[in-house]
Structures are given as C-alpha cells and as structure tokens.
Q: 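Dumping the structure here so I can ask a few things about it.
Just so we're clear, the structure is a prediction, and the values are computed from it rather than from any experiment.
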Amino acid sequence: MAAAPGRHNNFNLIRLALALLVIVSHAPEMLDGDRSRELLSRLFHTLSFGELAVDGFFILSGYLILQSWLGRPQPLAFLQKRLLRIVPGYLLAALLSAFVVGALGAGGGYYGQFWWGGLARSLLLLDTPVTPATFVGSHYPSVNGAMWTIHYEFLCYLTVLALGLAGLLRWRHAPLAVLVLCLSLWGALALGAWPALAGAAREETLLMLRFYSCFFTGASYFSYRAVIVYSARGALLALAVLLAGLTQPASAEAGLLLGGAYLLFYCAFAAGGPLLRRTQDMPDASYGVYLYGWPVGKLLAWYLPTISPLALALATIALAYLCGRLSWHWVEQPALRFKSQAWNWRASASASATASVAASVAASAPALAAAQRKNDANADC
C-alpha cells in the first residue's frame with residue numbers, strides 16, 4: 001500500500017514508542033555510567049536504543065516538516081507552527097529541570113551559583129539548560145541529558161525554511177540531493193578527510209551530518225510518497241537490512257537509514273484496524289515523555305541508588321508518561337491553539353478587504369482551517 005493521506009497514520013504511537021525506548025536506554029546507563037547493561041548495545045555492540053530512537057525521531061520529523069512546508073510554503077506561518085510546537089513545552093521542561101530538578105540534586109547555595117547569562121543563552125538555543133553543579137559524583141550529572149537534541153531538531157527546521165525560501169524545494173529531488181550531499185560529507189569525514197578538522201569540531205560536524213542525514217531521509221520519503229509501496233515483504237527485507245547493519249559499527253547508521261526508515265513508515269501507514277483507529281486521536285504525549293524522561297529518571301536514580309535498571313525504567317516510564325500527558329494538556333495543546341487563532345485572524349483580515357468576499361470567507365474559514373489540519377498529517381509534531 002502507498003502512504004495514506006491525511007491523518008490515517010500511526011505517527012503518535014510510533015513517537016511515543018521511540019520516547020519510551022530512550023528511557024529504556026538511559027536507565028542502565030544512568031546507574032552504570034556505561035552501556036554494559038544497555039539492551040541493544042549488549043546485543044549488537046553498535047547503536048543503543050537511545051541512538052536508534054533519536055535517529056528515528058529525526059527521520060519522522062523530516063517527513064512531517066517537509067509536508068508542513070510544502071502544504072503551506074509561507075515563512076512566517078511555517079516558523080509560527082514550529083515555534084508553537086517546540087518552544088512552550090521545551091521552556092517549561094527546561095525551567096523545571098534547572099530550578100527544581102537541579103536544586104533537588106544539589107547542596108545548599110544552588111540558586112546563588114547560577115550563571116544567568118549562560119542559562120539564558122542555552123534557553124535561546126533550545127539546548128540543555130546551563131546550571132550550577134548538580135548530582136555531583138553520579139554518572140552523567142546533568143539536569144536533562146536528553147534535551148540537547150532539540151537544538152539540532154530546530155536547525156533542521158531552519159534548513160527546510162532556507163531551502164524553501166531559495167525555491168529549491170519546488171524540485172522534487174531536492175531532499176534526496178541534500179541527503180546524498182550529507183552522506184558524502186559524513187563518509188569522507190569519517191574516513192579521515194579534512195585532518196585540520198579535529199577534536200570537538202570534528203565530532204560536532206559528524207553529529208550534525210548524522211542528524212541531517214536522518215532528517216532528509218525522512219524528507220525524501222515524503223518527496224517520493226506517491227511511488228513508495230509499503231508491504232509486509234518489504235518490511236521483512238528492511239528488517240533484515242537493519243539487523244545486518246547493526247552487526248558492525250561502520251554499517252549501523254547505514255542499516256538504520258536503509259532499513260529502519262522503511263520500517264518506521266511501514267508501521268506508520270500500513271498498520272490498520274482497531275490499533276490505527278485508537279491511536280489516531282490519542283493525546284500526543286511523546287514530546288513531553290522525551291523532555292521529562294531524563295530528569296525523572298535522574299532523580300529516581302539519585303534518591304534510590306540501589307534501584308535496578310528494570311525498576312528504574314518502569315518507574316521512569318510511568319512518571320514521565322504522566323508528565324507528558326500533563327505537558328500536552330496544559331502547555332503544548334493550548335499553545336497550538338494560537339496557530340488556529342492566527343490563521344482565523346488572517347482569514348478574517350483578508351476577508352474584510354472586500355465586502356463581496358467577506359461573507360463567503362467568514363462562512364468557509366472554519367471549514368478551511370479544519371481541512372488544513374486534517375491534511376497536515378501530524379505536521380505540528
């Protein structure tokens with residue numbers, strides 16, 4: 001079957017599963033300081049479930065964000081949607097991590113040691129909040145060790161905006177061209193090209209190219225959605241490619257991009273029946289689960305140092321899911337309403353320009369807004 005139109009997909013469920021995989025991966029690492037008990041690392045000795053899940057997030061995001069831009073290629077509207085979806089939930093989680101979680105993991109005088117300029121800069125960059133020392137003596141002493149990927153996610157959004165403004169996204173093959181360029185640079189750098197680029201700068205460049213490759217893999221799936229066929233046979237082949245790639249460090253990411261991406265979209269579009277109907281309208285708690293999984297797990301590991309990885313993972317999942325539901329209900333969903341209000345305001349403003357058009361626009365604006373949202377398949381992710 002081909003990709004289903006509108007919201008007939010399982011993106012909500014898949015994103016939630018990926019967020020939970022991050023928690024499962026982080027639990028043993030928080031306790032051990034290494035991957036000796038991380039499940040996927042023990043099995044293949046290449047990628048962890050956390051890395052697999054983060055790459056999966058970027059693949060799905062590439063599909064949905066390109067869809068969002070091409071559905072309405074207007075810079076201000078695109079930025080508005082991206083900011084309203086990402087920033088409110090991030091800011092609340094970052095502030096709670098900095099001022100509540102950090103204090104619970106630090107000694108006296110915590111608030112008096114803040115570098116306010118550093119904190120403000122990290123918030124503006126959508127990065128891990130800069131705080132005084134906390135969780136001293138523990139492994140990975142960060143108030144939110146998962147939040148750093150949000151910065152790179154938003155850079156991908158800005159790249160789509162830049163390509164769109166340049167008119168390049170009118171060319172159907174543009175996402176694939178960007179993907180090939182990223183993979184070429186990534187491979188060349190990994191093989192030792194540009195020896196002058198070393199240390200932290202080299203690692204940062206490799207990381208950027210990895211995320212861009214994942215993102216534009218997903219974008220390429222959207223570009224060719226009309227010709228890609230999802231089948232059980234294709235899914236089995238993709239699974240074989242993924243598993244074979246995971247057996248070697250040099251091929252793990254390639255296996256994920258070649259096989260894992262197809263599997264993700266097969267699960268998004270080809271799974272049907274009661275599962276599809278139940279998950280389409282479920283609250284999208286995945287972003288909140290991802291944002292709160294680390295601080296919840298860190299606090300549990302800090303105050304219960306003898307807890308087992310399994311118990312830590314299960315307790316973190318339960319509490320992080322509760323935080324994710326609250327974040328969606330009280331922060332993220334209300335913020336998204338501003339998008340609809342702004343759309344209705346613009347529609348009303350343009351309608352009032354001409355009296356003859358005003359009546360028809362006023363009557364059709366709600367329907368147009370609803371149709372736009374229906375055809376925007378989870379694009380405000």
Side-chain angles (χ1 to χ4, degrees), residues 19 22-23 25-35 48 50-51 53-54 57 83 85-155 199-201 203-204 207-208 211 285-305 307 312-313 315-317 319-324 326-328 330-332 335:
V22 172
I23 293 175
S25 179
H26 282 165
E29 294 185 54
M30 283 183 182
L31 297 175
D32 301 336
D34 56 41
R35 296 182 180 178
S48 68
E51 291 169 321
V54 168
F57 275 125
L83 289 169
R85 185 63 185 98
I86 291 292
V87 173
Y90 162 83
L91 277 180
L92 180 60
L95 292 173
L96 288 174
S97 296
F99 292 112
V100 178
V101 176
L104 291 173
Y110 174 77
Y111 295 112
Q113 301 172 32
F114 260 97
W115 176 32
W116 298 103
L119 176 62
R121 182 177 183 275
S122 63
L123 296 179
L124 286 173
L125 293 176
L126 302 179
D127 209 339
T128 302
V130 173
T131 68
T134 186
F135 300 113
V136 176
S138 69
H139 303 297
Y140 311 113
S142 169
V143 294
N144 201 317
M147 195 169 271
W148 62 276
T149 62
I150 308 300
H151 169 77
Y152 295 97
E153 176 86 3
F154 203 78
L155 285 179
E203 294 305 313
E204 175 73 9
L207 189 63
M208 281 290 301
F211 287 152
S286 58
Y287 186 43
V289 170
Y290 182 78
L291 291 175
Y292 291 99
W294 179 281
V296 167
K298 193 65 184 175
L299 286 174
L300 288 172
W302 180 251
Y303 284 99
L304 301 171
I307 192 172
L312 178 59
T316 302
I317 284 172
L319 293 173
Y321 183 73
L322 175 62
C323 292
L326 292 174
S327 176
W328 171 252
W330 293 106
V331 181
E332 300 164 50

Q: Work out which heavy atom in A19 is nearest to a heavy atom in V289; give both atom names and the distance.
A: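 Taking every non-hydrogen atom into account, CB-CG1, 3.8 Å.
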
Q: Give the ring-plane orientation class for H26 versus W294, where under 30° counts as parallel, over 60° as perpendicular and anything between as tilted.
A: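 It falls in the perpendicular class, over 60°.
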
Q: Check whether any side-chain heavy atom of F154 sits under 4.5 Å from a side-chain heavy atom of L83, and report yes or no.
A: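 Yes - at least one pair of side-chain heavy atoms lies under 4.5 Å apart.
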
Q: Does a salt bridge link E153 with R85, judged by any charged N lying under 4.0 Å from a carboxylate O?
A: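 Answer for the salt bridge query: no.
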
Q: Nearest 0.5 Å, please: how far is CG in L95 from CG in L119?
A: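 Going from the CG atom of L119 to the CG atom of L95 covers 7.0 Å.
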
Q: Parallel, tilted or perpendicular, judged at 30° and 60°: which one describes the rings of Y152 and W148?
A: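 If you compare the ring of Y152 with that of W148, the planes turn out perpendicular.
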
Q: Are a donor atom and an acceptor atom from the side chains of K298 and S142 found within less than 3.5 Å of each other?
A: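 Note: K298 and S142 side chains miss the donor-acceptor criterion.
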
Q: Taking D34 for the side chain and E29 for the main chain, is one N or O donor matched with an acceptor at less than 3.5 Å?
A: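 Here the side-chain-to-backbone pair does not exist.
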
Q: For the rings on F57 and Y290, is their centre-to-centre separation under 6.0 Å?
A: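 Between Y290 and F57, which both carry aromatic rings, the centre distance is below 6.0 Å.
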
Q: For the atom pair OH (Y292) and CG (L319), what is the distance rounded to the nearest 0.5 Å?
A: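 Interatomic distance, Y292 OH to L319 CG, rounded to 0.5 Å: 13.0 Å.
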
Q: So how far is it from S327 OG to L322 CG, rounded to the nearest 0.5 Å?
A: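 Taking OG in S327 and CG in L322, the distance rounds to 11.0 Å.
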
Q: Check step by step if side chain to side chain contact (heavy atoms under 4.5 Å, CB included) holds for L104 and Y303.
A: CA-CA 10 Å; L104 291 173; Y303 284 99; 3.9 Å; yes

Q: Can you tell me how far CD1 of I307 sits from CE of M30, rounded to the nearest 0.5 angstrom?
A: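 Reported to 0.5 Å precision, the distance equals 11.0 Å.
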
Q: If you apply the rule side chain to side chain contact (heavy atoms under 4.5 Å, CB included), what do you find for T131 with F99, and how did you get there?
A: CA-CA 9 Å; T131 68; F99 292 112; over 6 Å; no

Q: Taking the side chain as C-beta and beyond, is there a heavy-atom pair between V130 and W116 under 4.5 Å?
A: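 No. Closest side-chain heavy atoms not under 4.5 Å.
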
Q: Might you point out which heavy atoms bring L300 and L312 nearest each other, and give the distance in Å?
A: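 In this case the closest contact between L300 and L312 is CB-CD1, 3.6 Å.
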
Q: Using 0.5 Å steps for rounding, measure from the CG atom of N144 to the OH atom of Y90.
A: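 If we round to the nearest 0.5 Å, N144:CG and Y90:OH are 9.0 Å apart.
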
Q: Measure across A301 and L31 and return the closest heavy-atom pair with its distance rounded to 0.1 Å.
A: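 Closest heavy-atom pair between A301 and L31: CB-CD2, 3.9 Å.
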
Q: Could you give the distance from CG (L155) to CD1 (I150), rounded to the nearest 0.5 Å?
A: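 Atom-to-atom, L155:CG and I150:CD1 are 11.5 Å apart.
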
Q: Are M147 and P129 packed together at the side-chain level, in the sense that at least one heavy-atom pair is separated by less than 4.5 angstrom?
A: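 Yes. Closest side-chain heavy atoms under 4.5 Å.
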
Q: Could you check whether the rings of F114 and Y110 sit parallel, tilted or perpendicular, using 30° and 60° as the cut-offs?
A: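 Correct class here is perpendicular.
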
Q: Which atom pair, heavy atoms only, marks the closest approach of A53 to V22?
A: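 That would be CB-CG2, 3.6 Å.
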
Q: Does any non-hydrogen side-chain atom of I86 lie less than 4.5 Å from one of L126?
A: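 A side-chain contact under 4.5 Å exists here.
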
Q: List the atom of V136, the atom of A133, and the distance in Å for their closest heavy-atom pair.
A: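 Taking every non-hydrogen atom into account, CG2-CB, 4.0 Å.
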
Q: Side chain of Q113, backbone of G109: donor and acceptor closer than 3.5 Å?
A: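 Yes, because the side chain of Q113 sits within donor-acceptor range (under 3.5 Å) of the backbone of G109.
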
Q: Just by modelled atom types, is the A200 backbone N or O under 3.5 Å from a matching donor or acceptor in the E203 side chain?
A: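 Not at all, since once roles are kept as given, no pair shorter than 3.5 Å links the two residues.
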
Q: Taking all non-hydrogen atoms of both residues into account, name the closest pair between G288 and E332 and its distance.
A: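 Answer, listing the atom of G288 first, then E332: N-OE2, 3.9 Å.
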
Q: Is it the case that the side chain of T134 and the backbone of G102 share a donor-acceptor pair, with hydrogens and angles ignored and the cut-off at 3.5 Å?
A: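 A pair under 3.5 Å: yes.
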
Q: Report the C-alpha distance between W302 and S138 in whole Å, list the side-chain angles of each, state the deciding distance to 0.1 Å, and finish with yes or no for side chain to side chain contact (heavy atoms under 4.5 Å, CB included).
A: CA-CA 8 Å; W302 180 251; S138 69; 4.0 Å; yes

